[in-house]
> 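Provided herewith is a single structure, encoded as structure tokens, for subsequent inquiry.
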There are 2 protein chains.
Amino acid sequence: MAKTSANGSARAPRRKDGLSREVIIQSAIELLDGGGERALTLRALTIHLSTGYGAIYHHVADKDDLLATATDEIFARVLTGAVIDTDPRENLRHLALGLFDAIDAHPWVAAELSRQPWRPVLLDFYESIAGLLDALDVPERARFDATGTFMSYVLGDAVKNAATARHLADSGMDRAAFLGAAATQWAEVNPGKYPFVHAAVSQLRDHNDREQFLAGVDIFLAGIAALR
Amino acid sequence: MAKTSANGSARAPRRKDGLSREVIIQSAIELLDGGGERALTLRALTIHLSTGYGAIYHHVADKDDLLATATDEIFARVLTGAVIDTDPRENLRHLALGLFDAIDAHPWVAAELSRQPWRPVLLDFYESIAGLLDALDVPERARFDATGTFMSYVLGDAVKNAATARHLADSGMDRAAFLGAAATQWAEVNPGKYPFVHAAVSQLRDHNDREQFLAGVDIFLAGIAALR
DNA sequence: TCCCCATTGGATTGCCACTCCAAAAACGTT
DNA sequence: AACGTTTTTGGAGTGGCAATCCAATGGGGA
């Protein structure tokens, strides 16, 4: 498909305002961030890029390709922004938070993630986590399980959080109103049948998803320390 | 809408072969189990039930309602089949495995779960988990976080696993072929850039998702013990 | 200069969820 | 048992979507 001349120069761009795979993905991300998964329609894309279907489908295989690549792009951004800490635990926390915040900022990634959980970009995260666990003296045979476990928790909690955020946005409530309503609703739950849920209501009122996420990260880190 | 006579008798059923919400949900689950999310179309439902659109929409609000209720039904089945152990740890493992196996058997639940993570049925699981953590002497302030963390890991890993299974089914490969292909592919990964992933290949070959899931549960349990 | 083919735009196709309505079946009342 | 009412049913119709198809355009190499 791509024709490269003998002198090795890249194929010349066709038009000044030329459409490209990158531009299309960028637009797709904008649409997704703006209005969620439902907002990404091919029709909306043609309008946003003032072009036609044919032009888009020339650069992109189909909508799945579009969604998958957009998701890759989000994860790639997390990677480039990753911080290097001297303390492996702190580094793991930062890595986890990076993923959590990215999915929180782009909730549509969550849906795509549960559709395709094995994108190549994630390999870099597995590699980083495994390396940090090695630095924590986790023995090799346990490292494999621990890496997957850590990723499952991080992505699982981020997805849950993103879905909640999406639900919030759809219902037009803000965070406080939603938590208040949920707390009230849960408070009415039959205390006899659900004593622990009932007792949790008070904590729900001033509850911070990000902090709870980090608390979970620390539970896993404590559990992993026991593997040594 | 419902008219209840003064003597309190319920409204009589309409037809012998009567369509009902339950029958429709049942059919939906059959279609979903048979061919995944794509297989559930209203058209397919009308054929499967030999009826029309109107009849179905009389009992069900829309497709989301259908999917949500079908998901509830799967979780409800897990609840009824739940085992009670004397050892809280063992009980947590059984609870987790019940969810894992259910999502493994009905992979379409995963997608719905990341769309609506707060269905009322899940309250029962939160309650059970919180109760078991209490039995493990997890202090109350930590119990709230730990319960959510556990659920996030369990559902997150189950969703990841289900997506893999779905991917497997779509590509027509069996488990062994897929793992072999993945291991081969990963083996080719640049060992310099991905030393830990490269080292993990050997473990991938005889890797059991269910066992790895349980290993993760144990990491969590070990981490919980540190909270005491 | 001229031709080739990468690139483009949009009409068209086919599938889908969902609506609407008229007919049929059961019910309650007398 | 007859009748009006309400519930339930089937399917034609609507609008929106992803994806295909094809004719037109124009840039760059020969």
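Throughout, a chain's letter reflects where its sequence line sits, starting with A, and its residues are numbered from 1.
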> B/L67 has an atom CG; how far is it from atom P of C/dC18, in whole Å?
10 Å

> A/I47 has an atom CD1; how far is it from atom C1' of D/dG16, in whole Å?
13 Å

> From the list C/dA17, C/dC18, D/dC17, which nucleotide is the closest neighbour of the side chain of B/D62?
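Nearest to the side chain of B/D62 among the choices is C/dC18.
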
> So which protein N/O to nucleotides 10-13 of chain C N/O distances come out below 3.5 Å?
from, atom 1, to, atom 2, distance (Å)
C/dG10, N7, A/Y53, N, 3.2
C/dG10, O6, A/G54, N, 2.8

> What's the CG-P distance between A/L42 and D/dG15, to the nearest Å?
21 Å

> Find the distance A/R43:CZ to D/dG15:C1' and express it as a whole number of Å.
13 Å

> Mind calculating the distance between CD1 (A/I56) and C1' (D/dC17) to the nearest angstrom?
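So the CD1-C1' distance, A/I56 to D/dC17, works out to 14 Å.
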
> D/dA19 P sits how many Å from A/I24 CD1, rounded?
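From A/I24 CD1 to D/dA19 P: 14 Å.
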
> Counting only side-chain heavy atoms from C-beta out, which of D/dA19, C/dA6, D/dT9 sits nearest to B/H59?
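Of the candidates, D/dT9 comes closest.
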
> At 4.0 Å (heavy atoms only), tell me whether B/L66 reaches a base, stays on the sugar-phosphate, or touches nothing.
nothing

> Taking CG from B/L40 and P from C/dC15, how many angstroms apart are they, rounded to a whole number?
17 Å

> Mind checking what makes ring-ring contact (aromatic ring centres under 6.0 Å, His included) contact with A/Y126, not counting sequence neighbours?
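Counting only residues at least two positions away or on another chain, A/Y126 forms a ring-ring contact (aromatic ring centres under 6.0 Å, His included) with A/W118.
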
> Could you check which of D/dT9, C/dT8, D/dT20 has an atom nearest any side-chain atom of B/L19?
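The nucleotide sitting nearest to the side chain is D/dT9.
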
> Could I get the full list of ring-ring contact (aromatic ring centres under 6.0 Å, His included) partners for B/H198, not counting sequence neighbours?
none

> Just how far, in rounded Å, is P of D/dA12 from OH of B/Y57?
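That distance rounds to 17 Å.
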
> Just do the side-chain contact (heavy atoms from CB on, under 4.5 Å) check on A/N91 and A/V83 with the steps written out, would you?
CA-CA 7 Å; A/N91 211 331; A/V83 193; 6.0 Å; no

> Can you tell me which residue pairs pass the side-chain hydrogen bond (donor to acceptor under 3.5 Å, both in side chains) test with a partner in residues 150-162 of chain B, sequence neighbours excluded?
A/S152-B/D157, A/S152-B/K160, A/D157-B/S152, A/K160-B/S152, B/D104-B/N161

> Remember a base hit wins even if backbone is also touched, and classify A/L49 as base, sugar-phosphate or nothing at under 4.0 Å, heavy atoms.
nothing

> Listing request: all salt bridge (charged side-chain N to carboxylate O under 4.0 Å, His left out) pairs with a residue in residues 31-50 of chain B, at least two apart in sequence or in separate chains.
B/E37-B/R115

> Using only side-chain N and O atoms of A/H58, determine if any of them is under 4.0 Å from OP1 or OP2 of C/dT7.
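Affirmative; the distance criterion is met.
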
> Quick check against the 3.5 Å criterion: does A/S50 have a side-chain atom that pairs as donor or acceptor with the backbone of A/I47?
no

> Enumerate the ring pair (Phe, Tyr, Trp, His ring centres under 6.0 Å) contacts for residues 32-72 of chain B, please, sequence neighbours excluded, ordered by first and then second residue.
none

